[in-house]
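Here is the structure we will look at.
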Protein chains: 2
Amino acid sequence: MRRGNGVTVWSQIAAQLRIEIDSGRTPPGTKLPPEADLAQHFGVNRHTVRRALEELARNRLIRIEHGRGSFVAEPVLDYQINRRPRFSEWVRRHNREPLGEVLSLREIDLAELAEADIIADALSLPSGEAVIELERLGKADDRPIALSRHIFPARRHPGLLKALAAHKTITAALYSIGITDYVRLRSRISARMPTPREAGLLALEAGAPVLQSENLNITEAEIPLELCFVIYPATRVALIVEPSGSSDLDSDHRMVG
Amino acid sequence: MRRGNGVTVWSQIAAQLRIEIDSGRTPPGTKLPPEADLAQHFGVNRHTVRRALEELARNRLIRIEHGRGSFVAEPVLDYQINRRPRFSEWVRRHNREPLGEVLSLREIDLAELAEADIIADALSLPSGEAVIELERLGKADDRPIALSRHIFPARRHPGLLKALAAHKTITAALYSIGITDYVRLRSRISARMPTPREAGLLALEAGAPVLQSENLNITEAEIPLELCFVIYPATRVALIVEPSGSSDLDSDHRMVG
DNA sequence: CAAAATTTGTGCGTATGTATG
DNA sequence: ACATACATACGCACAAATTTT
């Protein structure tokens, strides 16, 4: 621990513990040494260690339990919902290695899908249309964190099926057929219990729910491009929203009594 | 059914069925009559009825199941997350009657709460501070739809405890002590299984998960005002997000292969 | 079941370095 | 140069929660 160089001792300790936890050498659930031991190990007062642990708890890296000890927490990937969501960018920001795995890719008649009405509405398609369905499992450091189904209008984008099969990323495939940019228009977030298949793919513990997000992406020209159903393991992912449009101009009062 | 007056017949039928469902006379799970019967009843062709049912399915009022029939869906309240969230406004927009019920209101030392670190961080409070905790159950037409815990810094707003006890709405209480406006800075959305107490209060079916939202509200002067933990029954509420900030300037590619 | 040991939580006093006026 | 205020870090003591004996 270097002192008097402008960086506080407690933040140096916090940083060191963070590296230890992030590296994976101390897996989730591990009990940290008692504060007294840590203090001795780092050659500082227990208060100083406590300040470091407090910091880690604020960032949800550990859980401090009175009388029991401090424990390494299950890492949660905070996913900030913005207009240009990119899977691997998000994962890398958390210092994890992204990996996408294609489970299936096919062209199919819209009417054969269970959510036909919702898809037709969102993508402004007649009900008898052909769509491209891509199913994908997203991982971070080999831990599954997202199971997604992407639905594209097939006739509106000839050659997209081949492009998706040929390119490693959706963005690249779209680019190759002339769609250089697209943004997220809206997300609908819910939660439910997973099906057995989903639980298996996402390696979920029994009784663990999933976050479900239904996203509509549009092109630069504001034409509906893709409807995307994603589920996340709720214990490993949280969604962050930073509202910006006010939209509620008329005033109302929250009920209390 | 009036024809030739500019309003399509199918939308008249859809509107009539919607009223029937919204009124509660046909509770969730009820099987609608077969399309042929409905066609005869309304004196129209089956195609016209199908068009009406399609519309209702898009709006998630019913579920159409191939070969089985159509069923009244559990009503889902879409909650659009914006900068000025107001509970009763939201509920009324869905033509339901809002009601707020105070479960508890007290001043307590921050350190006694389980989420002390997270609250201290979000509200920029030292750990030994006093906070006001308000717990509230929100209902729509007597169906519980939200269980919230509001945490305010007590010292920063003297008189707030009394104000909250005296006024019927949080907004009114805040107004009375000089806080005329506040907005939502960020929400953190997750999902989990409810505790037995939560399941009881929200009248949840066994095994049903809840959506959890942790919200930070700030004053006009951008001072942290309130941290608010809300849980929603996932079967009855969905959150809608319309992203606006791009924030992702560097380009990345979504993984596919 | 009770006592002891372990571990985190809190309070107070002191010393030191740093920014402010 | 000096006084003041503030944050950091240390030392010690005891309280509270939990586990072990």
Between dT20(D) (C1') and Lys31(A) (NZ): distance, integer Å: 13 Å
Have a look at Glu89(A) and tell me which of Arg93(A), Arg92(A), Arg86(A) forms a side chain to side chain donor-acceptor pair (under 3.5 Å) with it. Arg93(A)
Identify whether the distance between the nearest side-chain nitrogen and carboxylate oxygen of Arg188(A) and Glu115(A) falls below 4.0 Å. no
Could you check how far CZ of Arg63(A) sits from P of dA17(D), rounded to whole Å? 19 Å
Of Arg60(A), Arg63(A), Arg143(A), which is the lone residue that meets salt bridge (Lys or Arg N to Asp or Glu O under 4.0 Å) with Glu74(A)? Arg143(A)
Would you call Leu105(B) and Ile132(B) a side-chain contact if the rule is heavy atoms closer than 4.5 Å? yes
Please give the angle, rounded to 10 degrees, between the axes at the start and the end of the helix from dA2(C)-dT21(D) to dG21(C)-dC2(D), where five pairs define each axis. 10°
Does the side chain of Leu147(B) come within less than 4.5 Å of Val210(B)'s, by heavy atoms? no
Test side chain to side chain contact (heavy atoms under 4.5 Å, CB included) applied to Arg184(A) and Val241(B), step by step: CA-CA 10 Å; Arg184(A) 177 166 298 185; Val241(B) 180; over 6 Å; no
For Leu56(A) and dT8(C), what is the distance between atoms CG and P respectively, to the nearest whole Å? 14 Å
Counting N and O atoms only, with roles assigned by atom type, does the side chain of His94(B) sit under 3.5 Å from a partner on the main chain of Trp90(B), one being a donor and the other an acceptor? yes
Residues forming a salt bridge (charged side-chain N to carboxylate O under 4.0 Å, His left out) with Asp141(A), sequence neighbours excluded: Arg96(A)
Rounded to whole angstroms, how far apart are CD on Glu35(A) and P on dA17(D)? 16 Å
Just wondering, more than 12 heavy atoms not from Lys31(A) lying within 6.0 Å of its NZ? yes
Interface with DNA chain C, restricted to residues 43-52 of chain A and to heavy atoms under 4.0 Å: Arg46(A), His47(A), Arg50(A)
Taking only the side-chain heavy atoms of His66(A) (C-beta and beyond), determine which of dA16(D), dA9(D), dT18(D) contains the nearest atom. dA16(D)
Whole angstroms only, please: what is the CD-P distance between Glu65(A) and dT7(C)? 14 Å
In this structure, how many angstroms lie between the C1' atom of dT7(C) and the CZ atom of Arg68(A), rounded? 11 Å
Report the distance from atom CZ of Phe71(A) to atom C1' of dT18(D), rounded to the nearest whole Å. 10 Å
